[in-house]
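All values below come from the heavy atoms of this structure, side chains included, with hydrogens, waters and symmetry mates left out. Numbers restart at 1 for each chain; the letters A, B, ... are given by sequence-line order, proteins then strands.
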Protein chains: 2
Amino acid sequence: MDKNNLRHLPHKTIERLSQYRRALLLCHANGKTHIFSHEIAKIQHITAVQVRRDIMLIGYTGTLRKGYNVEELIVLIGKILDTEEGLNVAVVGVGNLGRAITNYFRGKRTKLSIVAAFDKNPDKIGKKYSGVECFDIADLKSLIKQKDISIGIITVTPESAAEACKALVEGGIKGILNYTPKPVNVPPHVYLEEYDMITSLEKVAFFVKTH
Amino acid sequence: MDKNNLRHLPHKTIERLSQYRRALLLCHANGKTHIFSHEIAKIQHITAVQVRRDIMLIGYTGTLRKGYNVEELIVLIGKILDTEEGLNVAVVGVGNLGRAITNYFRGKRTKLSIVAAFDKNPDKIGKKYSGVECFDIADLKSLIKQKDISIGIITVTPESAAEACKALVEGGIKGILNYTPKPVNVPPHVYLEEYDMITSLEKVAFFVKTH
DNA sequence: TTTGCCATGTTAAATCTTTAACAGTGAATT
DNA sequence: AATTCACTGTTAAAGATTTAACATGGCAAA
């Protein structure tokens with residue numbers, strides 16, 4: 001594996017690696033020691049070539065006739081995706097979506113941990129949600145530094161999205177995942193990923209319509 | 001606009017059209033009658049060329065120096081994305097995520113309506129969530145037909161995803177949006193879109209790490 | 001031992017998507 | 001009336017991603 005190339009892994013490959021790992025962890029839990037590219041492919045609904053190509057890109061090489069060593073591959077993907085010390089994450093907006101995400105992470109062994117939730121509703125501040133304490137969104141900026149938070153997930157209402165984003169950026173956040181349908185602005189040094197559920201649903205509707 | 005070409009609109013263009021429309025509706029509400037490609041671009045964080053190209057693909061043409069007519073464009077995008085009668089949607093799994101989605105749709109004027117929610121928890125069955133009644137997931141198959149549901153959104157736990165998907169398919173669903181981290185299998189006549197929040201978060205983490 | 005098979009690893013082609021380049025055009029300006 | 005300017009519409013190039021094609025290699029069976 002050439003360290004230099006890891007920087008240039010395609011976005012899509014990164015996404016798939018995350019998914020491969022999850023599938024592999026399941027296999028590992030079931031006692032499977034080796035896996036073929038076409039088995040991974042089947043689970044993920046993609047082609048075996050694509051799996052092999054992704055694995056090639058990260059510089060791993062399987063054994064002929066036995067496929068890939070599950071454990072080794074899990075470790076290697078971890079080296080690529082994770083940081084050694086892990087990263088701290090904050091959820092901004094403790095509505096249903098924020099709680100869904102927080103709850104999903106409960107007990108997951110992962111290098112990403114949600115260490116704080118934020119909301120402006122006084123009823124929520126001070127409470128714990130799935131083990132994560134909710135703080136006043138007014139304290140967001142200072143707590144990012146204090147708790148060494150690198151990533152913020154925005155799950156507030158669309159109207160508050162810009163404000164939440166601003167606070168995150170000013171607090172020195174490094175990456176933002178915005179689940180609001182309202183696009184937000186970040187300076188170039190902050191990595192931004194946006195996802196819009198309504199758009200996805202409308203996309204499904206379009207293809208249902210035209211099929 | 002050539003009807004034949006609409007079938008071949010790129011996936012990415014479809015997604016952006018949905019987003020343009022939402023931005024345009026906001027502008028319309030603010031009394032704006034015309035808009036330039038670069039204005040739309042700014043809102044969506046993309047380039048003006050891309051906006052113009054998308055609009056070209058759907059066969060609309062703006063006026064020089066004044067840009068696009070907001071209202072006309074909204075109507076045209078509607079003709080492309082929506083069906084005349086609208087489509088019915090079901091949410092399968094009334095956890096936090098299911099409720100987040102259901103709630104988000106409350107009162108939205110749209111051609112997509114969530115007409116039923118499903119869960120297996122007896123405490124939830126019979127209750128209403130954001131105005132949507134929750135039914136027993138055991139009745140999913142029959143209710144799809146009865147309520148003419150075209151699209152199913154899967155928000156159950158990963159363990160129940162396959163089962164929920166199977167019921168949807170057997171009920172004759174036409175499109176599925178799977179928010180479970182567990183990929184599901186559908187026959188070729190069912191349109192499937194999957195989104196995995198964990199993957200997105202891990203992707204952000206990766207780019208935070210490498211930047 | 002030889003043959004066939006079924007894997008991986010890799011390069012090349014095809015496809016999809018974005019970006020660049022630029023022609024055309026009408027209002028405003030002089 | 002001519003000129004400038006700021007837009008749109010469109011084609012061509014570049015870039016990203018997926019898919020195809022095939023070389024290679026080792027195990028199993030004849």
Side-chain angles (χ1 to χ4, degrees), chain A residues 1-2 5-20 24 27 32-70 72-73 76 183 193-194 199 203 206-207 210, chain B residues 1-2 5-20 24 27 32-70 72-73 76 192-194 199 203 206-207 210:
Chain A
M1 159 180 54
D2 180 346
N5 283 338
L6 290 186
R7 249 163 225 289
H8 305 94
L9 285 176
H11 282 223
K12 292 289 167 100
T13 294
I14 297 298
E15 292 175 10
R16 283 190 298 266
L17 286 176
S18 158
Q19 287 161 1
Y20 297 164
L24 289 168
C27 293
K32 206 169 162 62
T33 64
H34 288 78
I35 194 166
F36 295 125
S37 61
H38 65 258
E39 292 178 296
I40 301 178
K42 182 125 191 222
I43 300 172
Q44 299 299 138
H45 302 142
I46 55 179
T47 66
V49 196
Q50 193 156 56
V51 174
R52 291 206 302 276
R53 206 172 194 298
D54 285 336
I55 291 177
M56 181 195 90
L57 286 176
I58 64 173
Y60 185 66
T61 154
T63 61
L64 214 46
R65 307 285 294 193
K66 283 177 76 181
Y68 304 98
N69 180 303
V70 173
E72 282 177 18
L73 197 45
L76 179 56
E193 179 92 11
E194 306 199 295
T199 286
K203 186 180 172 192
F206 173 81
F207 285 106
T210 56
Chain B
M1 158 179 55
D2 181 345
N5 283 338
L6 291 186
R7 247 163 228 290
H8 305 96
L9 286 175
H11 282 222
K12 291 291 165 104
T13 295
I14 297 297
E15 292 174 10
R16 283 190 298 265
L17 286 176
S18 159
Q19 287 162 0
Y20 296 164
L24 289 168
C27 293
K32 205 167 162 64
T33 64
H34 289 78
I35 194 166
F36 296 125
S37 62
H38 65 258
E39 291 178 296
I40 301 179
K42 181 123 192 227
I43 300 173
Q44 298 300 137
H45 302 142
I46 55 180
T47 65
V49 195
Q50 194 157 54
V51 173
R52 291 207 301 278
R53 206 173 192 296
D54 286 335
I55 290 177
M56 182 195 89
L57 287 176
I58 64 174
Y60 184 68
T61 154
T63 60
L64 214 47
R65 306 286 294 194
K66 283 176 77 181
Y68 303 99
N69 180 303
V70 173
E72 282 177 17
L73 197 44
L76 179 56
L192 174 66
E193 178 92 11
E194 305 198 297
T199 287
K203 186 180 171 191
F206 174 82
F207 284 106
T210 57

Judged by nearest nucleotide, the residue sitting upstream toward the 5' end of DNA chain C, G67(A) or T13(B), is G67(A)
task: Taking only the side-chain nitrogens and oxygens of R16(B), find out if one of them lies under 4.0 Å from OP1 or OP2 of dT18(C).
output: yes
Which of dT8(D), dT10(C), dA20(C) is nearest the side chain of V49(A)? It is dT10(C)
What one should report as the nearest heavy-atom pair of K66(A) and F36(A) is C-CE2, 3.4 Å
Rounded to whole Å, the OH-P distance (Y68(B) to dC7(D)) equals 12 Å
Smallest heavy-atom separation, Y60(B) atom then E72(B) atom, equals OH-OE1, 2.7 Å
Which of dT11(C), dT18(C), dC7(D) is nearest the side chain of M56(A)? It is dT11(C)
ask   = Do any side-chain nitrogens or oxygens of R52(A) fall under 4.0 Å of OP1 or OP2 in dT8(C)?
value = yes
K12(B) atom NZ is separated from dT19(C) atom P, nearest whole Å, by 11 Å
Taken to the nearest whole Å, NE2/H11(B) to P/dT18(C) is 12 Å
The reported gap from CG in N69(A) to CD1 in I35(A) (rounded to nearest 0.5 angstrom) is 11.0 Å
From the candidates dT17(D), dG26(C), dT8(C), the one with an atom nearest any side-chain atom of L64(B) is dG26(C)
L57(A) CG to dG9(C) P, in whole Å, measures 12 Å
note: I58(B), atom CD1; dT8(D), atom C1'; distance rounded to Å ~ 14 Å
note: L9(A), atom CG; dG15(D), atom C1'; distance rounded to Å ~ 17 Å
Between R65(A) and D54(A), the residue closer to the 5' end of DNA chain D by nearest nucleotide is D54(A)
Worksheet item: Do E193(B) and K203(A) have side chains that get closer than 4.5 Å, going by heavy atoms?
Response: yes
note: H8(A), atom NE2; dG15(D), atom C1'; distance rounded to Å ~ 14 Å
Separation of dT8(C) atom C1' from N69(A) atom CG, nearest Å, is 15 Å
Rounding to 0.5 Å, atoms CD (E194(A)) and NE2 (H45(B)) come to a distance of 6.0 Å
